[in-house]
Chemist: 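Can you read through this structure? Questions will come right after.
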Amino acid sequence: VSYSWSNGSHDAAMTSQPMSSTSYKVDAVDGNGCQASKIVPIEVYSRPTIGIAGPNAVCKGSQVTLTANGSSTMYQWIDPVQNDTFVGAQYTYVINDQLMFNVIGTDNRGCKNKASISVSPIAYPVITFAGDSVGCINNTGVLVAQGANEYLWSDETRGANMEILFDNNKTISVSGTKNGCTTKKEVNITVNPLPVLSIKEGNTNICKGDRLNLVVEGATNYRWSNGVSNSTGEFSASPLVSTTFSVVGTDDNKCKATLPIEVTVNELPKITIAGDAQVCEGSQASFTASSQSNILDYVWNTGASGAQTQAIVNETTVFVVDATDDKGCKAKQSHTVKVIPYPEVKILGNPTICVGDQLSLVAQGAVAYKWSNGSTSSSLNTWPTAGGTYSVSGTSNGCTSTASVEVQVRSLPNVLVGGKTALCMGDQLELHAQGAETYTWGDGTEGETLIATPLTSSTYKVTSTDVRQQKMFK
């Protein structure tokens with residue numbers, strides 16, 4: 001038997017895929033040439049509608065739930081990895097890699113349809129932090145979250161930036177979201193104490209003119225208010241008045257602390273010296289140092305101590321006193337004592353006279369005089385009857401010197417004249433003097449003998465001088 005189908009097929013069995021209801025005709029011829037025809041009506045049903053509801057991407061490691069929908073009455077899912085099947089409209093799967101999901105829907109007539117969906121994993125954002133997670137106590141900082149698009153901090157603050165108050169050690173967290181996936185990340189907030197600054201060396205109470213030298217400890221780097229920076233904590237200045245310096249110390253943790261340093265500059269004591277400005281040579285000078293400050297000690301360049309001192313002055317001398325007050329401040333003061341030389345008093349005149357002669361003495365070398373007899377004239381005229389010591393005090397510029405002289409009052413020599421004092425006219429007169437050393441006669445004759453021839457009665461005078469130069473007239 002041979003067959004001929006209306007779609008051109010000549011096989012007994014005909015295969016076709018009609019898109020709509022139709023009919024097929026077959027003509028059959030047997031070996032005897034006999035023919036027969038048959039029309040076969042074909043009804044074509046529409047495939048059931050099918051779709052998949054669900055996301056095309058989920059966070060990696062999350063479950064995706066896919067829901068098949070349409071006109072099918074049964075759905076069969078195929079595991080994309082194991083090829084296992086699951087019957088049901090909803091299908092849940094954990095997504096770690098990109099996968100293609102297929103579902104077959106069958107309606108009441110047994111017609112099937114297929115739907116597919118690709119689901120990709122979305123990587124979770126990797127959260128990192130920039131900014132300040134370590135800070136100094138009571139300071140503030142800003143911590144910046146990175147790696148996501150949206151951020152929610154543990155204190156409900158939103159945004160990438162989080163202001164941090166470093167009040168104590170704590171842990172905070174941020175949830176960062178990107179493409180719908182959220183990562184929570186914690187960060188430890190570490191609080192470092194501030195350095196404790198103190199003065200290691202130096203005195204903040206100084207005297208005017210002294211150098212202020214300080215050493216501060218407690219940090220690793222220091223910056224002073226005058227702009228000086230160093231790692232030793234050393235500081236020097238020469239303040240003229242009381243003031244306040246400050247230093248900022250920074251430790252290894254970059255924490256800073258400020259130490260104000262009040263510096264007291266004490267005025268130097270003002271010293272005055274009252275006392276002798278000039279004295280007579282070899283005399284004692286006295287002077288006293290004083291001050292309105294509370295002086296603890298006076299030390300003189302003579303080695304003496306105390307406010308009052310004395311010294312014998314033989315030449316113009318500068319006396320210096322070092323004074324130290326109750327604040328430790330020192331000051332010097334000097335006092336010059338000039339030396340007034342004593343007048344060189346001299347007594348002029350012959351201190352040796354004969355009885356009955358006038359003694360005349362003159363004092364020289366001073367301005368004012370006073371003799372031992374009370375006279376205040378520079379000259380002294382008197383008629384002493386006996387010898388003795390005559391002294392005079394001469395004063396110039398307040399200094400007094402004394403000079404003295406031994407006065408001798410000598411008795412007259414006892415002169416005797418011998419010879420004939422009565423003679424005849426024309427006779428020769430011869431007189432002999434004795435009792436002295438030298439003799440001078442009235443006519444100028446020298447010697448102990450006078451020879452003359454007087455024509456009339458006459459008187460002859462002889463002046464004799466003894467070895468003490470005392471004179472006698474006879």
Side-chain angles (χ1 to χ4, degrees), residues 271-291 295 298-323 332-413 437-438 465-472:
I271 309 302
T272 58
I273 300 177
D276 297 319
Q278 57 185 21
V279 295
C280 302
E281 183 179 359
S283 298
Q284 178 174 279
S286 299
F287 24 84
T288 302
S290 62
S291 175
I295 302 300
Y298 292 96
V299 178
W300 299 85
N301 59 345
T302 60
S305 61
Q308 294 181 330
T309 189
Q310 299 85 31
I312 300 298
V313 182
N314 293 305
E315 59 184 357
T316 297
T317 303
V318 177
F319 293 90
V320 180
V321 64
D322 290 307
K332 290 179 180 291
Q333 186 58 274
S334 61
H335 181 75
T336 301
V337 178
K338 294 182 178 180
V339 168
I340 302 173
Y342 284 99
E344 295 183 5
V345 179
K346 297 179 180 179
I347 299 176
L348 304 180
N350 188 355
T352 302
I353 61 174
C354 299
V355 172
D357 289 347
Q358 184 185 48
L359 175 66
S360 296
L361 299 176
V362 177
Q364 290 183 345
V367 175
Y369 304 93
K370 185 174 183 179
W371 292 89
S372 52
N373 68 349
S375 174
T376 57
S377 174
S378 61
S379 60
L380 177 66
N381 295 301
T382 186
W383 286 262
T385 58
T389 301
Y390 285 78
S391 62
V392 64
S393 295
T395 301
S396 294
N397 298 318
C399 297
T400 301
S401 297
T402 300
S404 62
V405 64
E406 284 291 327
V407 173
Q408 293 183 352
V409 179
R410 296 178 176 176
S411 58
L412 299 177
E437 294 292 326
T438 62
T465 305
D466 62 12
V467 293
R468 298 169 299 175
Q469 300 297 308
Q470 298 292 84
K471 293 183 178 182
M472 177 63 185

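Small disclaimer: the values here were computed from a predicted structure and weren't measured.
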Chemist: To check you understand the geometry: which heavy-atom pair defines the closest contact between Gly398 and Cys280, and what is its length?
Modeler: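 Of all heavy-atom pairs spanning Gly398 and Cys280, the closest is O-SG, 3.8 Å.
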Chemist: Tell me the closest heavy-atom pair linking Ile347 and Ala403, and the distance in Å.
Modeler: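 Smallest heavy-atom distance, with atoms named: CD1-O, 3.6 Å.
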Chemist: Rounded to the nearest 0.5 Å, how far apart are CD1 of Ile271 and NE2 of His335?
Modeler: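 The NE2 atom of His335 is 14.5 Å from CD1 of Ile271, to the nearest 0.5 Å.
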Chemist: Start with the C-alpha distance between Val313 and Phe319, add both sets of side-chain angles, then the distance that settles side chain to side chain contact (heavy atoms under 4.5 Å, CB included), and finish with yes or no.
Modeler: CA-CA 10 Å; Val313 182; Phe319 293 90; 4.0 Å; yes
Chemist: So, applying side-chain contact (heavy atoms from CB on, under 4.5 Å) with Pro384, which one of Ile353, Val355, Asn373 is it?
Modeler: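 Checked Ile353, Val355, Asn373 against Pro384; only one passes side-chain contact (heavy atoms from CB on, under 4.5 Å): Ile353.
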Chemist: Could you measure the distance from the CG atom of Asn381 to the CG atom of Leu359? Nearest 0.5 Å is fine.
Modeler: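 Nearest 0.5 Å value for the CG-CG distance: 8.0 Å.
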Chemist: Between atom CD1 of Ile273 and atom CD of Gln308, what is the distance when rounded to the nearest 0.5 Å?
Modeler: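 Output value for this atom pair is 12.5 Å.
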Chemist: Can you tell me how far CG of Asn350 sits from OG of Ser360, rounded to the nearest 0.5 angstrom?
Modeler: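 Output value for this atom pair is 10.0 Å.
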Chemist: Between Thr395 and Ala366, which heavy-atom pair has the shortest distance, and what is it?
Modeler: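 In this case the closest contact between Thr395 and Ala366 is N-CB, 3.5 Å.
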Chemist: Between Val339 and Glu315, what is the shortest heavy-atom contact and its length?
Modeler: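 Here Val339 and Glu315 meet closest at CG2-C, 3.0 Å.
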Chemist: Just wondering, are more than 12 heavy atoms of other shown residues or ligands nearer than 6.0 Å to CD in Glu281?
Modeler: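 Yes, because the 6.0 Å sphere around CD of Glu281 holds more than 12 heavy atoms from other groups.
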Chemist: When rounded to the nearest 0.5 angstrom, what is the spacing between OG1 in Thr316 and NZ in Lys338?
Modeler: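 If we round to the nearest 0.5 Å, Thr316:OG1 and Lys338:NZ are 7.0 Å apart.
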Chemist: Are side-chain N/O atoms of Ser283 and Tyr342 paired as donor and acceptor at under 3.5 Å?
Modeler: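 A donor-acceptor contact under 3.5 Å links the two side chains.
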Chemist: Give, for atom OG1 of Thr382 and atom OH of Tyr390, the distance between the pair rounded to the nearest 0.5 Å.
Modeler: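 Those atoms lie 5.0 Å apart.
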Chemist: Taking side chain as C-beta onward, heavy atoms only, is Leu380 less than 4.5 Å from Val392?
Modeler: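 The answer is no; the side chains never approach within 4.5 Å.
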Chemist: What are the two closest non-hydrogen atoms of Ser378 and Trp371, and how far apart are they?
Modeler: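 Minimum heavy-atom contact is O-CZ2, 3.5 Å.
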Chemist: What heavy-atom pair brings Val337 and Asp276 nearest, and what distance separates the two atoms?
Modeler: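 For Val337 and Asp276, the tightest heavy-atom pair comes out as CG2-O, 3.4 Å.
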Chemist: If we check side-chain contact (heavy atoms from CB on, under 4.5 Å) with Ser401, which of these qualifies: Ser396, Ser393, Pro343?
Modeler: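 Checked Ser396, Ser393, Pro343 against Ser401; only one passes side-chain contact (heavy atoms from CB on, under 4.5 Å): Pro343.
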Chemist: Is there a donor-acceptor contact under 3.5 Å from the side chain of Asn301 to the main chain of Ser334?
Modeler: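 The answer is no, because no donor-acceptor pair under 3.5 Å joins these two groups.
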Chemist: Check whether any side-chain N or O of Ser404 sits under 3.5 Å from a backbone N or O of Ser391 as a donor-acceptor pair, and report yes or no.
Modeler: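 Looks like no, no N/O pair under 3.5 Å.
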